[in-house]
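Notes for the one structure printed next.
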Amino acid sequence: MSREPEFGLPQDSPDFVREVGDRVTSIISDCLVTRTTQSITDPTPVAEIRALFYESLPREGTDHQQLLDLFADQIVPHTLVNTSPGYLGLMNPTPVTMGIFADALTSLINQNQAASHHSPAGSVIEEVVIRWLGEAAGYGADCHGHLTSGGTVANLTALKLALHHAAPEVRDRGLVAAGQKFTVYASDQLHFSIERSVDVLGLGRDALRLVPTRGDATVDPKVMRSLIEADRREGMEPFAIVGIAGTTASGAVDPLPELADLAEDLGTWYHVDAAYGGAAGLSRDYPGILEGIERADSVTVDAHKWFFVPFVAGGILFRDRSFAEEVFQNAAGYIPPSEAADLPPTDYLKQGLAGTRRFNALKVWMAFKHLGADWYASVVDRQLALTHRVAEVVASLPDWEVAIQPTTAIVTFRYEPATLRKAIEGGGEEGEKAAKKRDRLQIRIAKVIQQEGRFWVSAAPVPGGFALRLNVISWLSDEALVEAFLAELPRYAQEAAPGFD
Ligand SMILES: Cc1ncc(COP(=O)(O)O)c(C=O)c1O
């Protein structure tokens with residue numbers, strides 16, 4: 001029996017590789033052009049998309065050109081074009097071009113970054129990119145850690161480290177051996193991954209103690225301290241404080257130095273979730289945004305958010321590698337041990353949740369090496385300036401208000417026609433009804449914008465109610481694009497408002 005489909009060239013032949021490579025390159029090149037003009041949203045109903053793809057397991061192969069046609073003609077048109085400069089949405093960046101190709105090269109060598117003897121250069125490169133992420137975020141290059149599937153797993157890893165720090169006996173004998181009611185403290189603006197983590201760690205979601213935020217969506221350390229002290233009096237055992245450096249909804253940055261003081265005072269682990277905000281550490285025009293991050297025991301920084309590396313490349317950083325290796329140690333006799341060395345190579349299997357691990361560090365390494373930290377700094381500064389510009393213009397528009405002033409490249413704002421504002425200010429039942437109506441209006445405006453397909457912003461709950469949420473997350477977005485969006489904003493509100501109830 002032939003090992004190749006009859007119609008095809010052998011899949012490892014140079015001719016085949018060139019044919020596929022040329023075609024893939026031309027698809028990539030076309031998409032990089034069309035992403036700037038293509039509608040961001042695709043209105044095709046899911047039933048129609050299912051109809052395109054549902055089939056039983058193919059018994060026979062498909063010609064490679066036909067397969068690539070399917071990608072170009074049936075998959076690309078049904079994507080959300082979050083790579084567009086007009087995508088001012090969630091934390092899904094336009095990937096840098098070298099990152100796109102690095103993904104193919106990663107698959108080519110298919111290193112398993114579990115043990116360094118299966119990825120000799122790859123393991124070292126991962127050490128390097130972790131140090132670079134530490135330096136970029138202001139945590140400092142003198143750190144360890146690893147790439148993860150995302151901020152969610154990075155946060156889970158951090159909380160596991162924190163729990164082991166408080167109660168090492170839990171690793172072998174379970175929570176029952178510790179006999180304590182462990183608790184974690186974070187602002188009510190946290191990402192859901194923290195809540196999920198306490199559940200996965202067996203602590204129960206009640207172990208997460210949410211601290212109400214101030215009007216600017218940051219946590220008040222004094223309020224957090226009072227809650228912790230009260231909980232201690234009730235017999236709870238606080239083991240971690242989480243500071244957020246760039247909240248998901250509004251990009252707010254908690255007062256990191258004060259939270260570091262609090263954690264130091266109370267002797268708890270201090271984790272900073274900079275999954276999104278990490279790149280702000282590179283800013284030259286807006287210095288000090290992440291001040292205090294350097295005092296954390298662990299930090300989440302995702303290269304696949306504000307560093308524009310294609311998915312996936314989350315990251316967890318910490319200071320103490322041997323501590324992490326103690327936490328995650330497992331006997332795996334079938335994997336040969338790495339040779340001892342002056343500085344032992346990193347076997348990532350020993351310091352995190354994953355077994356087989358992809359060489360995702362390559363795309364992070366190529367992105368930084370190709371573009372340089374100065375390029376990143378200038379893009380971050382431009383994005384911050386554009387975000388401040390949105391805040392400034394929105395504040396000057398009649399019937400619009402900025403909900404949370406930007407600290408990072410996210411700004412939230414809302415449309416509030418005078419009649420609604422008056423009713424809300426009047427308070428009482430009518431005021432509450434009007435506030436709910438105002439919330440629904442923001443959701444509707446976001447929908448109008450999304451449906452048009454030129455720009456994409458979301459609506460998000462922030463202190464004070466729902467607001468439109470704009471995140472300059474594409475490195476392609478520029479002044480002209482932002483001005484064009486701002487010019488359309490009153491029209492979007494007008495289109496959303498009629499018949500609105
Ligand atoms: C602050 C914060 N932490 C963690 C995460 C989770 O990251 P991921 O989606 O990569 O798992 C997010 C995602 O948006 C986030 O905004």
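Counting convention: from 1, in listed order, for ligands and their atoms alike. Worth knowing before you read on, the calculation uses all heavy atoms, side chains too, and leaves out hydrogens, waters and symmetry mates.
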Quiz item: Do Tyr87 and Phe455 have ring centres separated by under 6.0 Å?
Solution: no
Exercise. Using the six-membered ring wherever Trp is involved, compare the ring planes of His304 and Phe311 and label them parallel, tilted or perpendicular (cut-offs 30° and 60°).
Key: perpendicular
Quiz item: Are side-chain N/O atoms of Asn155 and His271 paired as donor and acceptor at under 3.5 Å?
Solution: yes
Quiz prompt | Proximity of Tyr286 and His388 rings by center, below 6.0 Å | solution = yes
Quiz item: Side-chain donor-acceptor pair under 3.5 Å between Asp231 and Thr183, yes or no?
Solution: no
Quiz item: When the ring centroid of Phe323 is compared with that of Phe318, is the distance short of 6.0 Å?
Solution: no
Quiz item: For ligand 1, what is the set of protein residues having any non-hydrogen atom at a distance below 4.0 Å?
Solution: Met91, Gly150, Gly151, Thr152, Asn155, His191, Ser193, Gly246, Thr248, Asp273, Ala275, Asp302, His304, Lys305
